[in-house]
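So you know, we letter chains A, B, ... as the sequences are listed, proteins then strands, and number each from 1. Just the heavy atoms: all of them, side chains too, but no hydrogens, waters or symmetry mates, feed the values below.
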There are 2 protein chains.
Amino acid sequence: MMSKKCKYALKALVRLAADYQKGYLSTGLIAQEEAIPKKFLEQILLELKQVKFVNSQKGAGGGYYLLKHPKEITFADIYRIFDGPIALTPCTSLNFYEPCNDCPNEAVCYLRKQLIDIRDKTRKSMMGASLQSFLDNKSAISKNLKK
Amino acid sequence: MMSKKCKYALKALVRLAADYQKGYLSTGLIAQEEAIPKKFLEQILLELKQVKFVNSQKGAGGGYYLLKHPKEITFADIYRIFDGPIALTPCTSLNFYEPCNDCPNEAVCYLRKQLIDIRDKTRKSMMGASLQSFLDNKSAISKNLKK
DNA sequence: ATAAATCCTACCAAATTAATAGAATTTAAT
DNA sequence: ATTAAATTCTATTAATTTGGTAGGATTTAT
């Protein structure tokens with residue numbers, strides 16, 4: 001399961017992707033449209049700014065905008081920022097590696113093979129889900145509604 | 001990431017699988033061999049008994065034993081018992097379905113498609129990891145050590 | 001000036017996690 | 001019968017994480 005924070009971040013980024021290179025979107029607007037608590041969203045966007053996924057413009061008429069192309073940000077990236085490792089254990093994580101304290105010798109760990117296999121497949125599927133792909137869904141759905 | 005409880009359960013079950021149909025293993029023995037806090041393991045095994053993965057024999061010489069064939073228990077099953085849904089959201093879970101409160105209309109949710117795709121792939125890889133497969137690792141590794 | 005926006009830090013309640021504690025119960029062996 | 005070994009059951013607890021809320025400081029456009 002992903003945290004609410006992560007889901008909120010995903011929705012906010014998809015919304016920003018919808019207006020990619022079309023100016024600023026305020027926290028208030030995104031919060032309202034995506035049903036996210038506004039003050040919580042502020043914190044989330046701040047974190048996304050720190051990792052250079054978005055940038056902001058202060059003051060009246062300001063807001064946030066996406067810095068990268070929607071194809072360049074995937075769910076795997078977002079998950080890692082807010083929920084940490086994709087792997088099932090620290091010792092099988094690529095981006096957050098840490099040895100396990102209950103494991104005396106990693107080379108002899110009989111769990112590793114499968115845990116790495118699961119990580120690889122989960123990782124791959126998460127990397128396939130770019131902001132662009134969510135955006136494509138969104139327009140396909142609204143197109144379908146009009147018919 | 002999986003919880004420690006889940007990892008402990010997995011290790012305990014693999015250990016029990018190693019002695020499948022060979023009598024009882026005590027909590028104390030498993031705890032020692034697998035570096036699991038004994039009293040914590042007791043609770044875990046109790047839960048595994050409730051879901052009929054293991055059974056127990058009280059008293060001196062007693063202990064736990066695996067009820068199912070090691071091929072019939074997969075990591076997906078264990079994960080669900082201790083860590084809950086494999087899916088990233090309740091609304092995309094097969095075994096723990098719940099509607100999302102921040103989602104007015106599921107049919108129009110533009111996140112679903114990818115979240116279901118990720119769930120399916122994660123699920124599939126987790127179902128591929130049976131107790132037997134971990135056991136096969138274990139013997140392959142110890143065989144390799146002897147050479 | 002003022003209104004609108006981000007920025008920053010602190011706080012908080014509830015839930016979850018990872019245990020620990022202790023006693024009750026059952027069973028096998030002496 | 002007694003005792004030792006084992007599971008069973010229930011409660012407690014400390015630390016961390018989650019999902020927010022609060023309030024003010026700062027910046028900028030009008």
Side-chain angles (χ1 to χ4, degrees), chain A residues 1-12 16 23-32 34-67 79 81-85 88-90 96 100-102, chain B residues 1-12 16 23-32 34-51 53-67 79 81-85 88-90 96 98 100-102:
Chain A
M1 296 275 287
M2 66 172 136
S3 67
K4 292 221 175 178
K5 199 174 182 182
C6 187
K7 190 183 181 188
Y8 293 159
L10 172 60
K11 289 173 84 176
L16 286 168
Y24 312 128
L25 294 182
S26 75
T27 308
L29 177 87
I30 299 171
Q32 196 169 6
E34 303 296 334
I36 304 169
K38 191 186 170 225
K39 291 297 263 179
F40 198 17
L41 180 58
E42 280 183 19
Q43 291 174 36
I44 292 166
L45 287 168
L46 231 41
E47 280 187 69
L48 289 170
K49 187 182 175 181
Q50 280 164 25
V51 297
K52 314 267 188 218
F53 280 15
V54 303
N55 204 354
S56 61
Q57 177 63 40
K58 277 187 177 179
Y64 286 90
Y65 59 98
L66 197 63
L67 268 183
Y79 188 90
I81 293 166
F82 295 97
D83 289 353
L88 288 162
T89 57
F96 298 83
C100 294
N101 43 358
D102 63 325
Chain B
M1 296 275 288
M2 68 172 136
S3 66
K4 292 218 174 177
K5 198 172 183 184
C6 187
K7 190 182 182 188
Y8 293 159
L10 171 61
K11 289 173 84 175
L16 286 168
Y24 312 128
L25 294 182
S26 74
T27 308
L29 177 87
I30 299 171
Q32 196 169 9
E34 304 296 334
I36 303 170
K38 190 186 171 225
K39 291 296 265 178
F40 198 16
L41 180 59
E42 281 182 17
Q43 291 174 35
I44 291 166
L45 287 169
L46 230 41
E47 281 187 68
L48 288 170
K49 187 182 175 182
Q50 279 163 26
V51 298
F53 280 15
V54 303
N55 204 355
S56 62
Q57 176 64 40
K58 278 186 178 181
Y64 286 91
Y65 59 99
L66 197 63
L67 269 181
Y79 188 89
I81 293 166
F82 295 98
D83 289 353
L88 288 162
T89 58
F96 298 84
E98 268 186 65
C100 294
N101 43 357
D102 64 325

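- Scanning both residues, Tyr8(B) and Ala35(B), for their nearest heavy atoms gives CE2-O, 4.4 Å.
- Regarding Met1(A), its CE atom lies at a distance of 13 Å from the C1' atom of dT16(C), rounded to whole Å.
- One interatomic measurement links the two molecules: CD1 of Ile36(B) to P of dA19(C), which rounds to 10 Å at whole-angstrom precision.
- What separates CG of Leu45(A) from P of dA5(C) is a distance of 14 Å, to the nearest Å.
- Separating the OH atom of Tyr24(B) from the P atom of dA28(C) is a distance of 8 Å, rounded to the nearest angstrom.
- The CG-P distance, from Asp83(A) to dT16(C), rounds to 15 Å in whole Å.
- Looking at Leu16(A) and Leu45(A), their side chains come closer than 4.5 Å, going by heavy atoms from C-beta outward.
- If you check every strand for non-hydrogen atoms under 4.0 Å, Lys39(A) touches a base.
- Remark on DNA chain C: of its neighbouring residues Lys4(B) and Gln43(A), the 5'-side contact belongs to Gln43(A), judged by nearest-heavy-atom nucleotide.
- Summarising the geometry, the separation between CD1 on Ile44(A) and P on dC8(C) is reported as 17 Å, rounded to the nearest angstrom.
- Heavy atoms of other residues, nucleotides or ligands lying less than 6.0 angstrom from CD of Gln32(B) number 12 at most.
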- Taking it one step at a time, do Tyr64(A) and Leu46(A) satisfy side chain to side chain contact (heavy atoms under 4.5 Å, CB included)? CA-CA 10 Å; Tyr64(A) 286 90; Leu46(A) 231 41; 3.6 Å; yes
- Item | Derivation and outcome, side chain to side chain contact (heavy atoms under 4.5 Å, CB included), residues Phe82(A) and Ile44(A) | CA-CA 9 Å; Phe82(A) 295 97; Ile44(A) 292 166; 3.9 Å; yes
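- Each of Cys6(A) and Gly61(A) was assigned the nucleotide of DNA chain D with the nearest heavy atom; the assignment lying further toward the 5' end belongs to Cys6(A).
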- Message: Could you go through Leu67(B) and Val54(B), starting from their C-alpha distance and side-chain angles, then the distance that decides it, and tell me whether this counts as side chain to side chain contact (heavy atoms under 4.5 Å, CB included)?
- Response: CA-CA 5 Å; Leu67(B) 269 181; Val54(B) 303; 5.6 Å; no
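- Summarising the geometry of Met1(B) relative to Asp83(B), their closest heavy-atom pair is O-OD2, 4.4 Å, with the distance given to 0.1 Å.
- Residue Tyr8(B) has a polar side-chain atom (N or O) positioned under 4.0 Å from OP1 or OP2 of dA19(C).
- For Phe40(B) and dT20(C), the CZ to C1' distance is 11 Å, given to the nearest whole Å.
- Atom CG of Leu29(A) and atom P of dA5(C) are 9 Å apart (whole Å).
- Of all the heavy atoms in Glu47(B) and Ile81(B), the pair that sits closest is OE1-CG2, 4.4 Å.
- When every heavy atom of Thr27(B) is checked against every heavy atom of Lys38(B), the shortest pair comes out as CG2-O, 3.8 Å.
- Counting non-hydrogen atoms under 4.0 angstrom, Gly28(B) reaches nothing in the nucleic acid.
- Remark: Gln57(A), Lys58(A), Gly59(A), Ala60(A) in residues 48-60 of chain A come within less than 4.0 Å of DNA chain D through at least one heavy atom.
- You can see that DNA chain D meets the heavy atoms of chain B within a 4.0 Å-exclusive cut from dA5(D) to dA11(D), reading 5' to 3'.
- When heavy atoms are screened at a 4.0 angstrom cut-off, Tyr64(A) is found touching the sugar-phosphate backbone but no base atom.
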